[in-house]
Structure formats: structure tokens, C-alpha cells
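What follows is a short report on a single structure.
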2 protein chains.
Amino acid sequence: MHRPIQAAVRNRILAALPAAEFALLADHLTRVELTLGESLHRAGDKITSVFFVESGFISALTMLSDGQPLEIGLIGSEGVAGVSVILGATDSYSETMCQTGGGAYRMSASALKDVDARAPHLHDLLLRYTHVFHVQVAQTAACNAHHELGQRLARWLLAAHDRSGVPELSLTQDLIAVMLGVRRSTVSIAAGTLQRAGVIRYQHGKITIVDRVGLENAACECYEAVATEYRALFGEYPDRPPPAVFP
Amino acid sequence: MHRPIQAAVRNRILAALPAAEFALLADHLTRVELTLGESLHRAGDKITSVFFVESGFISALTMLSDGQPLEIGLIGSEGVAGVSVILGATDSYSETMCQTGGGAYRMSASALKDVDARAPHLHDLLLRYTHVFHVQVAQTAACNAHHELGQRLARWLLAAHDRSGVPELSLTQDLIAVMLGVRRSTVSIAAGTLQRAGVIRYQHGKITIVDRVGLENAACECYEAVATEYRALFGEYPDRPPPAVFP
DNA sequence: GCGCATATGTCCGGTATCGTACAAAGCGCG
DNA sequence: CGCGCTTTGTACGATACCGGACATATGCGC
């Protein structure tokens with residue numbers, strides 16, 4: 001096991017830490033590869049590990065009793081899956097699942113709590129990240145109730161784009177339908193509209209974002225509201241034009 | 001300004017504190033009365049005060065750009081409105097508004113942060129409360145997407161009942177419709193069904209819960225999932241039969 | 001007790017999405 | 001190169017809710 005080097009780390013929380021605090025974490029971090037569909041936490045189970053995401057993205061899902069999962073938030077290299085342990089949670093209320101290939105640094109939950117108590121910048125950053133994630137979930141609650149699927153799809157694709165960092169995503173409409181809690185054929189119609197408008201392109205499990213601005217126009221306000229919070233988390237000015245891809 | 005006496009305080013967080021930590025807060029607490037429709041925080045504004053709710057309940061609302069508010073969570077005597085300041089938030093992402101008459105202890109946000117840093121039990125409790133509130137919001141996100149209005153209405157009435165502590169609530173269907181993000185006439189139909197089933201009774205702005213068990217049966221799983229989390233927050237056994245009213 | 005504002009019940013056509021089914025198209029693997 | 005699985009497009013009636021309107025009922029002030 002070799003220690004990660006901070007300059008080479010892509011997770012934005014780890015990268016933002018003072019070197020002294022990063023050093024406290026480094027020994028506990030294990031690099032892991034994430035495969036599509038892999039569960040990092042199961043709803044109701046103990047949270048034994050947390051994951052600082054390096055690439056790809058993770059979905060946090062609430063499991064309803066009829067067996068249907070529904071996405072409540074996305075976690076990319078700006079975040080940590082399982083961060084609720086620092087609020088004192090022991091069990092995961094949500095399922096966290098990798099929706100792409102990707103990588104992460106895994107760390108035991110108890111080690112994180114340990115270091116968190118001794119590293120004030122880490123503590124601040126994790127609490128602020130927790131808050132921003134909460135804002136994302138709250139916006140999703142409102143969005144689910146009010147906005148049409150076309151807008152929600154565009155919002156989701158933008159969020160996925162931001163977190164993955166590449167315009168070409170390996171995603172089936174089936175998967176997206178589960179995330180958004182709608183039928184696949186409904187996604188097919190909405191995606192077809194976006195495709196005919198020339199903002200995205202589909203090819204059998206691959207979706208390419210052709211016109212990012214067009215996609216932003218098709219999305220509801222919820223995308224921008226949440227993206228602004230995430231930008232503020234890392235100290236970027238919220239009223240500047242956003243970079244092409246925020247992470 | 002007279003200091004509150006802990007034994008007389010009804011807010012469950014304040015009541016659960018060790019006397020020494022309560023003493024640190026007591027000087028900063030001002031008793032305030034809340035009137036129906038009163039805003040405690042406005043979306044986007046600085047959070048200058050937090051409110052330990054004593055009676056009645058508060059709605060946390062996301063304001064969508066079309067001007068329509070949508071409720072994401074309820075806060076009663078088990079909680080604090082504005083608690084996100086302890087995560088480092090400066091601005092409120094949501095509107096918090098009193099939906100009933102009621103009372104609360106107000107405290108400046110900066111004083112809370114101050115005391116929070118010196119009072120470990122308070123800190124723990126506030127973080128755990130934050131987490132449980134987050135679970136509530138997440139469940140709401142899934143519920144908004146999947147469950148029918150009849151179930152959501154029953155869930156909401158149960159949550160309101162828990163937080164107000166009395167079976168008779170002063171609530172119009174109009175108000176409930178805004179909270180749930182649906183049209184009033186849709187609420188009228190769903191409420192009529194519940195009334196004909198004999199679980200609630202309506203009378204011009206007053207709604208009485210007649211058959212609490214019947215209402216629980218009419219609600220979706222989301223009520224019980226969240227109530228279990230709140231019970232655990234104050235150390236009650238989640239697998240025991242719930243008291244008639246949890247707060 | 002009467003009038004009026006407020007609250008609730010109900011009706012209409014319209015639409016987004018459901019639930020299910022089936023057909024067509026793309027890619028992987030032999 | 002073609003078979004088969006996966007992915008996508010599309011059709012169909014059913015339904016929950018919308019958006020707006022109107023009628024009725026309740027309670028409050030006078």
C-alpha cells in the first residue's frame with residue numbers, strides 16, 4: 001500500500017486540504033476501482049467505509065418498499081460517499097451505487113471520524129459538503145414534484161456531465177429511467193426530443209453531450225441552483241460564468 | 001428577559017442537554033410567539049437567528065423560480081429551524097415558515113455557533129438532528145416522485161399531528177395544497193376520501209384526526225421510515241410500538 | 001339572524017405519465 | 001458474417017393530476 005500524493009489526487013476535498021491534514025488521512029486511504037452497478041453502501045447497513053470519489057460518479061438512492069430505487073443525489077469528485085458518519089450516523093439511510101466505471105479512495109468510517117476530530121479544515125470542508133449535498137437533495141424533492149421529465153432529464157445529464165468530466169457517458173435509458181423514477185419509454189421520448197434538437201446524441205448505451213448550452217436551456221432552474229452551491233463550496237464566485245465543466 | 005428553566009422547556013433538544021450545557025445557552029434564548037404564516041428565514045437571506053421550536057410546527061420550503069413554494073420538511077419541538085449554520089452555511093437555501101400558531105426560543109446564529117463549539121453534547125445532538133432532518137428531506141424527494149396524493153396527504157397529516165401534539169389542527173386545504181405542491185381541488189378530493197373513511201373530519205379550516213391508526217394505514221411507508229429515525233434520535237427503541245404522539 | 005368572506009365540493013377538457021406490449025436497430029461474439 | 005442479446009423507438013388505452021371555473025357550505029362580524 002503506497003500513500004497517495006496530494007498533488008495527484010483528483011478528489012476536490014482531499015486536494016483542498018492543507019498538506020498537514022492531508023498527511024493525517026493519507027495512511028488510511030486505499031485506492032479502489034469502482035465498477036458499473038457496484039454498491040458502496042446498502043440501505044440500512046452499517047457504514048463501515050467512506051469513499052472519496054476520484055472519477056466517475058455515484059448515485060445516492062432511497063429504496064422504497066415496493067423495491068423501486070429512486071435517486072436523491074449524485075456524488076462525484078467533489079464529494080464523499082458515506083459522509084453522514086461525521087454527523088453521527090451509524091447506518092446508511094440510502095443506497096450508494098456507482099453508475100459508471102470510476103475510482104475512489106476508500107477509508108474506514110472510524111478512521112475518518114478520528115481524523116475529523118483532529119483536522120479542523122477537513123471538518124469544516126466535510127460539514128460544508130454535507131450541507132451542499134443536502135441542498136441538492138432538497139432541490140430534487142421540489143424538482144420531482146414540479147418539473148417535467150424533459151427538464152429533469154436535462155438537469156440530470158448536466159449533473160452527470162459535471163461529475164464525470166467527459167462529454168461521452170456510458171448510460172442506458174433504462175438506467176436513467178430508474179434514477180429519475182419514470183418508465184424507460186418515457187425517457188426514450190424525452191431523450192428523442194433532446195436528440196432531435198441536436199443537444200445530445202445517443203448510440204446504444206453511449207450518450208454524448210453535443211451542445212452543453214442547449215442542454216442548460218432545456219434544464220430546469222434546479223441544475224443551476226445546485227451547481228451554484230457546489231461552486232461556492234470550493235470558493236468560486238457564483239456569479240461568474242461557470243467553467244465548461246465544474247469539477 | 002428572564003432565563004428559561006430547563007425543566008419547563010418543551011423543545012426536545014434543549015430538554016435533552018446536560019444542565020451545564022443548557023446553562024451556556026440559556027442566556028441567549030429569547031422566547032418568541034409565532035403566528036400563522038410568519039417567515040422565520042427567507043430563501044437566500046443570511047441566517048441571523050435560529051429557532052428552537054416549543055409548540056406548533058414550522059415548514060421548510062424550497063422556492064421555485066415560478067414563485068411556487070414546495071415543502072421539503074417539517075420542524076416541530078424535536079428540532080431547530082436554521083440549524084444549518086452549524087454546518088457552516090451562512091445563507092438559508094429554504095424558506096422556513098410557521099404553519100400554525102406556536103412558540104419558540106430564538107437565539108442568534110453566532111451565539112449558537114459559539115456555544116456549539118464549547119458544548120459537546122449539544123454539538124452531537126445538533127449534528128444528529130441535522131442528519132435526521134436530511135433523511136426526512138430525502139424520503140420526501142422519493143415520496144414526491146412515486147406516491148399518490150392520498151398517501152402523501154395522510155403522511156403529511158401524521159407528521160403534522162406528531163409535531164403539534166394535538167389531534168385538532170387549524171389548517172385549510174388551500175395551505176396543505178401548497179405544502180404538497182398540488183392543486184387545492186385535488187386535496188379536496190383526497191381529503192374527502194379520508195373523511196368518508198372516517199379517519200379525519202373537516203370543518204372549515206379545522207381538521208381533526210379521528211382515527212390515527214386508520215390514517216397510518218392510509219399513509220405511505222415514508223411516514224414510518226422518517227418517524228423511526230426521529231425516535232432513534234432521542235434514544236427510543238425503534239421496534240417498540242410508537243407512543244400515540246411521538247414528540 | 002343576516003350578509004359576506006372564507007373554505008370546501010365538484011365539474012370540465014387537457015396532458016404528462018403509466019403499464020404493457022411489440023418492433024426495430026445496434027453491437028458483441030461465435 | 002450472421003445470431004442473439006441489449007438498447008431504443010413507438011403504439012395503446014388507462015389514469016392521476018392540471019388549470020380553471022363555478023356552486024355550495026360554514027363561520028364571523030354586525
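Hydrogens, waters and symmetry mates are skipped; everything else that's a heavy atom, side chains included, is used. Naming: A, B, ... by sequence-line order, numbering from 1 per chain.
Between A:R183 and the phosphate of C:dC18, there is a side-chain N or O to OP1/OP2 separation shorter than 4.0 Å. Note on A:S188: a side-chain N or O is less than 4.0 Å away from OP1 or OP2 of D:dG9. Between B:T186 and D:dC18, a side-chain N or O to OP1/OP2 separation shorter than 4.0 Å is present.
The side-chain tip of B:R12 does not point at the ring of B:F52 from less than 6.0 angstrom away and within 45° of straight on. Seen from the ring of B:Y230, B:R163 counts as a face-on cation partner, given the 6.0 Å and 45° thresholds.
Sorted pairs that involve residues 173-197 of chain A and meet salt bridge (charged side-chain N to carboxylate O under 4.0 Å, His left out), not counting sequence neighbours, are lacking altogether. Within the structure, ring-ring contact (aromatic ring centres under 6.0 Å, His included) pairs that include any residue of residues 31-51 of chain B comprise B:H41-B:F51 (at least two apart or interchain).
Side-chain atoms of A:E54 and A:S77 form no donor-acceptor pair, as typed in the model, at a separation below 3.5 Å.
For B:D45, the side-chain contact (heavy atoms from CB on, under 4.5 Å) partners at least two apart in sequence or on another chain are B:R42. By the side-chain contact (heavy atoms from CB on, under 4.5 Å) test, A:R201 is found to be paired with A:Q195, A:Q203, A:T208, A:V210, residues two or more places apart in sequence or in another chain being considered. Scored by the ring-ring contact (aromatic ring centres under 6.0 Å, His included) test, B:H131 finds A:Y93 as partners (sequence neighbours excluded). Under the rule for a side-chain contact (heavy atoms from CB on, under 4.5 Å), the partners of B:A43 that lie at least two apart in sequence or sit in another chain are B:M63, B:E95. For the side-chain contact (heavy atoms from CB on, under 4.5 Å) test, residues two or more places apart in sequence or in another chain that qualify with B:V137 are A:H134, A:V137, A:A138, B:I72, B:F133.
Between the C1' atom of D:dA16 and the CZ atom of B:R152 lies a distance of 11 Å, rounded to the nearest Å. In this entry the distance linking CG of A:L171 with P of D:dT6 reads 18 Å, nearest Å. Protein atom CD1 of A:I176 is 12 Å distant from nucleotide atom C1' of D:dT7, rounded to whole Å. Counting to the nearest Å, the P atom of C:dT6 and the CD1 atom of B:I207 are 21 Å from each other.
Contacts of residues 189-202 of chain A with DNA chain C (heavy atom under 4.0 Å): none. Within residues 57-68 of chain A, no residue places a heavy atom under 4.0 Å from DNA chain C. Within residues 142-150 of chain A, the residues approaching DNA chain C are A:E148, A:L149, by heavy-atom distance under 4.0 Å.
The base of C:dG9 lies close enough to the side chain of B:R184 for a donor and an acceptor atom to sit less than 3.5 Å apart.
Taking 4.0 Å as the cut-off between side-chain N and carboxylate O, B:R231 and B:D162 do not count as a salt-bridged pair. Using a 4.0 Å cut-off between charged side-chain N and carboxylate O, A:E148 and A:R152 make no salt bridge. A salt bridge does not link A:R155 with A:E221: every distance from a Lys NZ or Arg NE/NH1/NH2 to an Asp or Glu carboxylate oxygen is 4.0 Å or more.
In this structure, A:N11 contributes its side chain and A:V53 its backbone to a donor-acceptor pair below 3.5 Å. For the pair A:E78 (side chain) and A:G76 (backbone), a donor-acceptor distance under 3.5 Å is present. Within the 3.5 Å criterion, the main-chain N or O of A:A142 finds no donor-acceptor partner in the side chain of B:N144.
Comparing the helix axis at one end of the helix from C:dG1-D:dC30 to C:dG30-D:dC1 with that at the other, each defined from 5 consecutive pairs, gives an inter-axis angle of 30° (nearest 10°).
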Under a 4.0 Å heavy-atom criterion, the protein footprint on nucleotides 23-30 of chain D, written with B, S and -, is --BBS---
